[in-house]
J.: 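Next up is a structure, given as structure tokens.
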Amino acid sequence: QARLVESGGGSVETGGSLTLSCVASGYSPYWMAWFRQRPGMEREAISGRNIYGSPHICGGSLSRRFSVSQVNANNSLLLHLRGLEPGDSAMYYCAGRRGAEATCSMGEYNDWGQGTQVTVSS
């Protein structure tokens, strides 16, 4: 059974850093990506990588502070958060996509984790 599990969330002060981890089990998605959902807002894509390590950056200005890396080629993805601000407080989700086309659209991702909460205090 395809499953994605996130970890690493927590509470930090402004300017702090966190590394979130996502591990896929039961399958190897072609793409893995990170999304976030801030209170009262729609879920937004941040960045992802495919099984060949090719990146796909969706978050625009977020890429100056957020980056992704892989531990194993096709079953884990880290999200490195730096320079965190209170506006970054959100539930961060990992998603897997079986198709080969790069996309930032959440509707194109087949599988989702339960999310990990990041809270940034001022």
Side-chain angles (χ1 to χ4, degrees):
Q1 180 179 356
R3 188 169 178 230
L4 297 166
V5 178
E6 305 98 333
S7 62
S11 297
V12 297
E13 294 183 347
T14 297
S17 301
L18 281 173
T19 295
L20 309 183
S21 174
C22 175
V23 178
S25 61
Y27 82 131
S28 296
Y30 194 96
W31 283 95
M32 292 178 71
W34 282 97
F35 289 72
R36 73 176 184 181
Q37 188 162 16
R38 293 176 285 177
M41 301 183 70
E42 293 186 353
R43 197 168 297 187
E44 57 183 328
I46 301 172
S47 188
R49 288 204 176 194
N50 66 16
I51 59 174
Y52 301 107
S54 298
H56 187 58
I57 298 172
C58 301
S61 61
L62 291 178
S63 64
R64 291 197 291 268
R65 298 184 292 121
F66 298 175
S67 61
V68 295
S69 64
Q70 290 169 301
V71 177
N72 297 311
N74 56 359
N75 76 336
S76 66
L77 190 68
L78 304 179
L79 176 63
H80 305 281
L81 308 173
R82 294 180 291 270
L84 286 164
E85 304 164 352
D88 295 318
S89 296
M91 187 70 80
Y92 285 73
Y93 294 93
C94 178
R97 171 174 164 76
R98 301 164 198 241
E101 182 180 359
T103 178
C104 299
S105 172
M106 62 175 288
E108 299 295 326
Y109 283 81
N110 311 97
D111 304 286
W112 293 85
Q114 293 298 307
T116 185
Q117 178 69 40
V118 172
T119 302
V120 185
S121 59
S122 58

J.: With a 4.5 Å cut-off on side-chain heavy atoms, are Leu81 and Val12 touching?
T.: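 No - every pair of side-chain heavy atoms lies 4.5 Å or more apart.
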J.: State whether the number of non-hydrogen atoms from other residues, nucleotides or ligands found under 6.0 Å of Gln117 atom CD is greater than 12.
T.: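 Result for CD/Gln117: enclosed.
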J.: Treat each ILVMFWY residue as a node, draw an edge where side-chain heavy atoms are under 4.5 Å apart, and state whether Trp31 and Trp112 are in one component.
T.: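 Shared cluster, yes.
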J.: Set out, in order, the CA-CA distance, both residues' side-chain angles and the distance that settles side-chain contact (heavy atoms from CB on, under 4.5 Å) for Gln70 and Met32, then state yes or no.
T.: CA-CA 10 Å; Gln70 290 169 301; Met32 292 178 71; over 6 Å; no
J.: Enter the distance from Ser122:OG to Glu85:CD here, rounded to the nearest 0.5 Å.
T.: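 Nearest 0.5 Å value for the OG-CD distance: 12.0 Å.
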J.: May I ask you to decide if Val120's main-chain N or O and Ser89's side chain share a donor-acceptor pair within less than 3.5 Å?
T.: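 The answer is yes, because a donor-acceptor pair under 3.5 Å joins these two groups.
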J.: Testing the 3.5 Å rule here: is there a donor-acceptor pair between the side chains of Arg97 and Tyr109?
T.: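 Judged by distance alone, the side chains do not pair up.
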J.: Run Tyr27 and Leu4 through side-chain contact (heavy atoms from CB on, under 4.5 Å) and show every step you take.
T.: CA-CA 9 Å; Tyr27 82 131; Leu4 297 166; 4.0 Å; yes
J.: Please walk me through it: do Met106 and Glu42 pass side-chain contact (heavy atoms from CB on, under 4.5 Å)?
T.: CA-CA 10 Å; Met106 62 175 288; Glu42 293 186 353; over 6 Å; no
J.: Please report the interatomic distance CH2(Trp34) to CG(Leu20), rounded to the nearest 0.5 Å.
T.: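 Taking CH2 in Trp34 and CG in Leu20, the distance rounds to 4.5 Å.
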J.: To the nearest 0.5 angstrom, please state how far the CZ atom of Arg65 sits from the CG atom of Asp88.
T.: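 So the gap between those two atoms works out to 4.0 Å.
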J.: For residues His80 and Ser69, report the shortest heavy-atom separation together with the two atoms involved.
T.: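 Looking at all heavy atoms of both residues, the closest pair is NE2-OG, 2.7 Å.
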J.: Going by heavy atoms in the side chains, are Phe66 and Leu84 under 4.5 Å from each other?
T.: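 Contact flag for Phe66/Leu84 side chains = yes.
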J.: Output yes when a side-chain donor or acceptor of Asn110 lies under 3.5 Å from a complementary backbone atom of Arg98, and no otherwise.
T.: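 Present.
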J.: Strictly distance-based, threshold 3.5 Å: is any side-chain N or O of Glu6 a donor or acceptor partner for the main-chain N or O of Gln114?
T.: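 Yes; judged by distance alone, with no hydrogens or angles, the pair exists.
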J.: Minimum heavy-atom separation for Thr14 to Pro86, with atom names?
T.: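 So the minimum-distance heavy-atom pair works out to OG1-CD, 3.4 Å.
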J.: Is the closest side-chain heavy-atom distance between Arg49 and Leu77 below 4.5 Å?
T.: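 Side chain of Arg49 against side chain of Leu77, heavy atoms only: contact under 4.5 Å found.
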J.: Rounded to the nearest 0.5 Å, how far does CZ of Arg43 lie from OH of Tyr92?
T.: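 Nearest 0.5 Å value for the OH-CZ distance: 13.0 Å.
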J.: If only atom types and distance count, is the side chain of Ser47 paired as donor or acceptor with the main-chain N or O of His56 below 3.5 Å?
T.: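 Indeed, once roles are kept as given, a pair shorter than 3.5 Å links the two residues.
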J.: Apply side-chain contact (heavy atoms from CB on, under 4.5 Å) to residues Gln37 and Tyr93 and explain how you reach the verdict.
T.: CA-CA 8 Å; Gln37 188 162 16; Tyr93 294 93; 4.1 Å; yes
J.: So do Arg36 and Val118 actually touch side chain to side chain, heavy atoms under 4.5 Å?
T.: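 When only atoms from C-beta onward are counted, Arg36 and Val118 do not touch, as no gap falls below 4.5 Å.
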J.: Considering residues, nucleotides and ligands other than Arg82, do more than 12 of their heavy atoms fall under 6.0 Å from its CZ?
T.: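 More than 12 heavy atoms, drawn from other residues, nucleotides or ligands, come within 6.0 Å of this atom.
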J.: Does anything in residues 91-122 form a disulfide bond (SG atoms under 2.5 Å apart)? List the pairs, not counting sequence neighbours.
T.: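 For residues 91-122, and leaving out neighbouring residues, the disulfide bond (SG atoms under 2.5 Å apart) pairs sorted by first residue read Cys22-Cys94, Cys58-Cys104.
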J.: As an exercise, state the distance from CG of Leu79 to OG of Ser21, rounded to the nearest 0.5 Å.
T.: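 With rounding to 0.5 Å, CG (Leu79) is 10.0 Å from OG (Ser21).
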